[in-house]
Asker: 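Below is a structure I'd like to ask you about.
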Amino acid sequence: NTEGSLVISAPPIKDKTFIERYVKHFNEEPAGYAANAYDATNILIEAIRKTKDRDGEKIDKEVAKTKDFQGVTGSISFDEKGDLTTPGFVINKVVKGK
């Protein structure tokens, strides 16, 4: 019986061109957290570009300053503790088998 179970999944991909490019390159639809990983990587790359440094602490601080980064999963920002201000996943509850 799955009634009342919680199902955690990746948020919808908002940038449809990402899906098209992904399918063209990998011959399959993006699955799991592929889009989240893509966004995370691009945030890290942007932080490295801004710091122009290899110092991990400097890069970490720059990542934490991220506000309104327009990723393929939507706008991404971090709060003063370094936590996402928008959810990185979707939670659904199973009701009547759906």
Side-chain angles (χ1 to χ4, degrees):
N1 183 7
T2 60
E3 186 73 25
S5 298
L6 299 178
V7 179
I8 299 173
S9 58
I13 299 170
K14 297 188 178 174
D15 182 344
K16 300 307 176 198
T17 59
F18 170 78
I19 297 171
E20 293 168 7
R21 291 189 323 255
Y22 192 98
V23 169
K24 184 176 181 181
H25 187 77
F26 295 107
N27 295 318
E28 63 184 20
E29 294 280 323
Y33 291 91
N36 297 78
Y38 181 83
D39 283 346
T41 300
N42 280 301
I43 289 170
L44 178 60
I45 290 168
E46 185 65 23
I48 292 168
R49 283 185 183 143
K50 286 181 180 177
T51 61
K52 297 179 176 123
D53 201 317
R54 291 183 182 188
D55 183 289
E57 287 185 33
K58 290 179 183 176
I59 295 168
D60 182 49
K61 287 179 183 176
E62 193 61 43
V63 167
K65 290 190 224 174
T66 300
K67 300 284 183 237
D68 302 319
F69 179 86
Q70 295 306 307
V72 298
T73 59
S75 181
I76 301 167
S77 296
F78 297 101
D79 66 15
E80 63 280 348
K81 293 186 261 178
D83 295 328
L84 284 171
T85 59
T86 54
F89 54 87
V90 176
I91 299 176
N92 293 296
K93 184 175 182 179
V94 177
V95 178
K96 297 183 184 179
K98 295 182 182 180

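All residue numbers refer to positions in the sequence shown, counting from 1. What's counted below: heavy atoms across the whole structure, side chains too, no hydrogens, waters or symmetry copies.
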Asker: So which atom in Ala10 and which in Gly32 form the shortest heavy-atom distance, rounded to 0.1 Å?
Answerer: CB-O, 3.2 Å

Asker: Quick check: is Phe69 connected to Leu44 through a chain of hydrophobic side chains (ILVMFWY, heavy atoms under 4.5 Å apart)?
Answerer: yes

Asker: Roughly how far, to the nearest 0.5 Å, is the CD1 atom of Ile59 from the OG1 atom of Thr51?
Answerer: 4.5 Å

Asker: Using side-chain heavy atoms (C-beta onward) and a distance below 4.5 Å, is Asn92 in contact with Val94?
Answerer: no

Asker: Looking at CD of Gln70 and NZ of Lys14, how far apart are the two atoms once the value is rounded to the nearest 0.5 Å?
Answerer: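 Rounded to the nearest 0.5 Å, the CD-NZ separation comes out at 9.5 Å.
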
Asker: Could you measure the distance from the CD atom of Glu29 to the CD1 atom of Ile13? Nearest 0.5 Å is fine.
Answerer: 8.0 Å

Asker: Counting C-beta onward and ignoring hydrogens, is there a side-chain heavy-atom pair between Lys58 and Glu62 closer than 4.5 Å?
Answerer: no

Asker: Would you call Ile76 and Ile43 a side-chain contact if the rule is heavy atoms closer than 4.5 Å?
Answerer: yes

Asker: Is Leu6 linked to Tyr33 within one hydrophobic cluster, defined over Ile, Leu, Val, Met, Phe, Trp and Tyr using a side-chain heavy-atom separation of less than 4.5 Å?
Answerer: yes

Asker: Let's go through Val23 and Glu28 carefully: what are the C-alpha distance in whole Å and the side-chain angles of both, what is the deciding distance for side-chain contact (heavy atoms from CB on, under 4.5 Å) to 0.1 Å, and is it a yes or a no?
Answerer: CA-CA 5 Å; Val23 169; Glu28 63 184 20; over 6 Å; no

Asker: Where do Val90 and Pro11 come nearest, in terms of heavy atoms and distance?
Answerer: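 In this case the closest contact between Val90 and Pro11 is CG2-CA, 3.6 Å.
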
Asker: When you compare the side chain of Ile19 with that of Pro30, does any pair of heavy atoms fall below 4.5 Å?
Answerer: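 Yes. Closest side-chain heavy atoms under 4.5 Å.
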
Asker: A quick test of your reading: do over 12 heavy atoms of other residues, nucleotides or ligands sit less than 6.0 Å from NZ of Lys24?
Answerer: no

Asker: Among side-chain atoms of Thr73 and Asp39, is any donor-acceptor pair under 3.5 angstrom?
Answerer: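 A pair is found: one side chain offers a donor N or O, the other an acceptor, under 3.5 Å apart.
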
Asker: Less than 4.5 Å apart, side chain to side chain, heavy atoms only: is that true for Leu84 and Phe78?
Answerer: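 The answer is yes, as the side chains (C-beta and beyond) meet within the 4.5 Å cut-off.
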
Asker: Around Lys52, counting heavy atoms of other residues, nucleotides and ligands shown, do more than 12 lie under 6.0 Å from its NZ?
Answerer: no

Asker: Can you check whether Tyr38's main-chain N or O pairs, donor with acceptor, with Asn42's side chain at less than 3.5 Å?
Answerer: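 Side chain of Asn42 to backbone of Tyr38, a donor-acceptor pair under 3.5 Å: yes, one is there.
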
